[in-house]
Amino acid sequence: MYLAASIVVFVIYFTNVALGAFANSAFLGDVGEMLVLFAASILFVVAILKKEADRNANDGS
C-alpha cells in the first residue's frame with residue numbers, strides 16, 4: 001500500500017516537472033514540489049521498512 005502511494009505521489013511530482021519543462025504550466029510551486037517529493041520519499045522509506053520487518057518476522061530473526 002505504501003509503495004503504491006509512493007509511486008502515485010512521485011508520478012504527480014514527475015507530471016508537474018514535465019508540464020513545467022515542456023508546457024510552462026506547472027501546477028505546483030517550488031515549495032509544493034518539495035513537499036510532494038518529500039512525501040514520496042517518506043512513503044517509500046516506510047514501504048521498505050515494512051517489507052524488511054515482514055521479512056525478518058518470517059525468517060525468525
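Count residues from 1 along the sequence. All heavy atoms count here, side chains included; hydrogens, waters and symmetry mates do not.
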Give a yes or no on whether Asp54 atom CG has more than 12 heavy-atom contacts from other residues, nucleotides or ligands under 6.0 Å away.
yes

Would Val8 and Val46 show up in the same hydrophobic cluster when neighbours are defined by side-chain heavy atoms closer than 4.5 Å?
yes

If you define the side chain from C-beta out and look only at heavy atoms, does anything of Tyr2 sit under 4.5 Å from Ile48?
no

With a 4.5 Å heavy-atom cut-off, do Leu3 and Lys50 have their side chains touching?
no

Any side-chain heavy atom of Tyr13 within less than 4.5 Å of one from Val9?
no

Examine Val17 and Val31 and state if one hydrophobic cluster contains both, with Ile, Leu, Val, Met, Phe, Trp and Tyr joined whenever side-chain heavy atoms are less than 4.5 Å apart.
no

Holding to ring-ring contact (aromatic ring centres under 6.0 Å, His included), I want the full list of residues that pass it with Phe44, two or more places apart in sequence or in another chain.
none

With no hydrogens and no angle check, is any side-chain donor or acceptor of Ser6 less than 3.5 Å from a backbone partner on Leu43?
no

Are any of the side-chain heavy atoms of Val36 and Asn16 separated by less than 4.5 Å?
no

Grab the two heavy atoms, one from Ala26 and one from Gly20, that are nearest each other, plus how far apart they are.
CB-CA, 3.8 Å

Can you tell me how far the CD1 atom of Ile12 sits from the CD1 atom of Ile7, to the nearest 0.5 Å?
12.5 Å

Are there over 12 heavy-atom neighbours, none belonging to Phe22, within less than 6.0 Å of that residue's CZ?
no

